[in-house]
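A short write-up of the structure that comes next.
All values below were derived from every heavy atom in this structure, side-chain atoms included, with hydrogens, water molecules and symmetry-related copies excluded. The sequence lines fix the lettering, A, B, ..., with proteins before strands; numbering per chain opens at 1.
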Number of protein chains: 2
Amino acid sequence: MPHCHTYLKKLRDHGYRITPQREMIVQIIAHCGRHMSAEEIMEKVREKTTSINIATVYRTLDLLVENGLASRFDLGNGKTAYATSEHGPHIHLVCRHCGSVTEITENDISASLDRIEDIYDFDCRPYHFSIHGLCRDCRDSMTD
Amino acid sequence: MPHCHTYLKKLRDHGYRITPQREMIVQIIAHCGRHMSAEEIMEKVREKTTSINIATVYRTLDLLVENGLASRFDLGNGKTAYATSEHGPHIHLVCRHCGSVTEITENDISASLDRIEDIYDFDCRPYHFSIHGLCRDCRDSMTD
DNA sequence: TTGCTTGTTGCGAAGGTTCGCATCAAAGGA
DNA sequence: TCCTTTGATGCGAACCTTCGCAACAAGCAA
């Protein structure tokens, strides 16, 4: 469920100004159920107005990430994607050899995150991160 | 302790050719006890020869990462750094608000990594990854 | 040692992201 | 409503990284 207003309210509460550009960007990434690149987001905004610039898109996305309203994904090969936090917390296992991505569930790592929150007083949630390593196929195919 | 020969041997064993450029790059990142940017590595190589190009540095670093001989770190603000695997496995807690970085130890997450290796047959080690979240100071200073 | 095959390099261009700065406009107060 | 303050935008330049391609050279076999 998209909550544009919640997002915008949070931004305002944090002292940021609500501009038409920010409204449109938030609307788009909140309604789109998947992750999107900055370029894609700009094109969507362009369908509504010409008054948008790629630098503004990046700046707004940074803002959302900084405030925990969106997450940034490094898709490898130099691409980055963004999604609202509603996309749900998860972890990607990325094979450093073939680039394959496996999504794992919260349960698999929940205990460790609890531990990190306790010991370091660091708020990990909601989280999105990648663990790089070797998938079974690549490990098997390497003589090492 | 640097093991240039071990690294080069591994590359050769994997079917890659050993060129002067690759030798020098491996030597530099193996002997330097910290992480370095591609630009820094190129400057170091330049002290020995002019026959080096930034694209080659990037390609060699990709190769090392792909084969588990080095790790890539996203330092935020668009910078990337590299270090050999000897730099040791670790995890960074990166505050998405102030950018502060806390390094945590293997113990804190070891159990979860074991679990991931068991269930998904995915080789996480040696590992370097970042968990983004909110440090205590930033959490306290946010009204939310 | 010589020649061949094919992976590697350097170069320039292109792609993606960030930055600096002048202009603009959101938000709040008078 | 109008004015003021100051954060946000658009633009162009700069920066970092990747890509395509022609020339080069590592490694192997003879």
Kindly work out whether a path of hydrophobic side-chain contacts (I/L/V/M/F/W/Y, heavy atoms less than 4.5 Å apart) joins A/V94 to B/L64.
-> no
Could you state the interatomic distance from CD1 (A/I116) to CD1 (A/I109), rounded to the nearest 0.5 Å?
-> 7.5 Å
Go through the steps for A/E40 and A/R34 under the test salt bridge (charged side-chain N to carboxylate O under 4.0 Å, His left out), then give the verdict.
-> CA-CA 12 Å; A/E40 284 177 313; A/R34 56 188 184 80; 3.7 Å; yes
What residues 43-52 of chain A contributes to the DNA chain D interface at heavy-atom separation below 4.0 Å is A/S51, A/I52
A/D74 and A/K79 ion-paired at < 4.0 Å | no
Sequence neighbours excluded, every pair satisfying salt bridge (charged side-chain N to carboxylate O under 4.0 Å, His left out) that has a member inside residues 109-133 of chain B = A/D108-B/R115, A/R136-B/D121, A/R139-B/D121, B/E106-B/R125, B/D114-B/R125, B/E117-B/R125
When the ring planes of B/F73 and B/H128 are compared, do they come out parallel, tilted or perpendicular, using 30° and 60° as the limits?
-> perpendicular
Separation of A/M42 atom CE from C/dT18 atom P, in whole Å?
-> 14 Å
Nearest-angstrom distance from the residue atom CG of B/L63 to C1' of C/dT9 | 13 Å
Contact list for DNA chain D against residues 16-26 of chain B - heavy-atom distance below 4.0 Å | B/R17, B/I18, B/P20
Should A/V65 and A/F122 be regarded as members of a common hydrophobic cluster, given that ILVMFWY residues are connected when their side-chain heavy atoms come within less than 4.5 Å of each other, either directly or indirectly?
-> no
d(OH, A/Y82; P, C/dG16) in whole Å | 13 Å
Please report, rounded to the nearest Å, how far the P atom of C/dG16 is from the CE atom of A/M36.
-> 15 Å
Atom-to-atom span, CZ of B/R12 to P of D/dA26 - whole angstrom | 12 Å
Mutual orientation of the aromatic rings belonging to A/H92 and A/H90 [parallel < 30°, tilted 30-60°, perpendicular > 60°] | tilted
Select from A/T60 and B/I54 the residue whose nearest nucleotide in DNA chain D is closer to the 5' end of that strand.
-> A/T60
Rounded distance in Å - CG (A/N53) to P (C/dC21) | 17 Å
Could you check whether B/T80 gets within reach of a base, just the sugar-phosphate, or nothing at all, counting any heavy atom under 4.0 Å?
-> sugar-phosphate
Of B/A55 and A/A55, the one whose closest DNA chain D nucleotide lies more 5' | A/A55
Report the distance from atom CG of B/L8 to atom CD of B/E23, rounding to the nearest 0.5 Å.
-> 5.5 Å
Rounded to whole angstrom units, what separation is found between the CG atom of A/L61 and the C1' atom of D/dA8?
-> 15 Å
Taking CZ from B/R59 and C1' from D/dC19, how many angstroms apart are they, rounded to a whole number?
-> 9 Å
